[in-house]
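Structure first, commentary second.
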Amino acid sequence: MVQRLHQAGRADGWPTGQTLAARLVFGPHMPADRQAILDEVVKGVGAGVFSLETGIRMLQDGGYPIEDAREEVARITVRRAAMEPERRREASSLSSGPRAAAQPTGEGTPPRS
C-alpha cells in the first residue's frame with residue numbers, strides 16, 4: 001500500500017519502477033496469554049462451540065507442547081471412554097440417594113384452609 005501511494009504521488013528523488021510483490025501475514029486471532037487460550041479452549045469445546053480437534057490446534061498455535069494433534073485426540077477419546085462408567089455410577093448414586101433434604105419442610109408456608 002505504501003509503495004502504491006509513493007508511486008501515485010511521484011515524490012521528487014524517489015525511484016520509480018514496477019510494484020513489488022508483497023505478502024501479508026496476519027497473526028492468529030486469539031489471546032497471546034497461554035492461560036487465556038486454555039480457558040477459551042475448555043469453554044469452547046465444553047460448550048460444543050467448536051470441536052476437540054480445533055481446540056487442540058488452538059493449543060498448538062498457543063505454544064502448548066502438543067506434537068501430533070490426531071494422537072492427542074485419540075488419547076483424550078480413550079481417556080474419556082475409560083472414565084465414562086465411573087461418571088455413570090456417580091450420576092446414578094446421586095439420583096438414587098436420599099431425597100429428604102430436597103423435600104420442603106413446610107415452614108414459612110401459610111396454613112391451608
Side-chain angles (χ1 to χ4, degrees):
M1 183 175 99
V2 172
Q3 188 178 74
R4 296 295 296 157
L5 288 172
H6 162 69
Q7 289 173 343
R10 302 191 191 269
D12 290 335
W14 286 41
T16 58
Q18 71 184 89
T19 303
L20 302 174
R23 192 182 105 178
L24 296 177
V25 178
F26 296 97
H29 182 68
M30 63 178 60
D33 179 31
R34 286 177 52 148
Q35 184 61 46
I37 294 169
L38 180 61
D39 291 343
E40 185 176 339
V41 168
V42 168
K43 289 176 185 174
V45 171
V49 175
F50 46 81
S51 70
L52 179 59
E53 292 83 359
T54 300
I56 290 173
R57 274 187 270 128
M58 290 172 66
L59 292 173
Q60 284 178 315
D61 292 344
Y64 280 86
I66 300 170
E67 293 180 22
D68 187 341
R70 290 179 192 222
E71 286 181 14
E72 192 70 19
V73 168
R75 284 192 291 266
I76 292 170
T77 304
V78 167
R79 192 178 318 128
R80 282 183 178 173
M83 294 174 65
E84 188 60 30
E86 183 178 333
R87 287 183 183 158
R88 287 185 183 167
R89 279 193 304 271
E90 288 176 3
S92 68
S93 69
L94 290 175
S95 64
S96 65
R99 296 183 181 207
Q103 297 291 330
T105 60
E107 293 178 10
T109 58
R112 294 185 187 186
S113 47

Mind listing the closest non-hydrogen atom pair of Tyr64 and Leu38 along with its distance? OH-CB, 3.4 Å
Work out which heavy atom in Pro85 is nearest to a heavy atom in Ala81; give both atom names and the distance. CD-O, 3.4 Å
Go through it in stages, so that I can follow the logic: the residues are Arg57 and Glu53, the test is salt bridge (Lys or Arg N to Asp or Glu O under 4.0 Å), and I'd like the CA-CA distance, side-chain angles, deciding distance and then a yes or no. CA-CA 6 Å; Arg57 274 187 270 128; Glu53 292 83 359; over 6 Å; no
For a quick test of reading the model, state the closest non-hydrogen atom pair linking Glu40 to Met58 and the distance between them. OE2-CE, 3.4 Å
Where is the tightest heavy-atom contact between Arg34 and Pro65, given as atom of each residue plus distance? NH2-CD, 4.3 Å
Less than 4.0 Å between a side-chain N and a carboxylate O, is that true for Arg75 and Glu72? yes
At what distance, to the nearest 0.5 angstrom, does OG1 of Thr54 lie from CG of Leu59? 11.0 Å
Arg88/Glu84 salt bridge by N-O under 4.0 Å criterion: yes
On a heavy-atom basis, the closest approach of Ser51 and Val45 is O-CG2, 3.6 Å
If I take atom CD1 from residue Ile66 and atom CD1 from residue Ile56, how far apart are they, to the nearest 0.5 angstrom? 6.0 Å
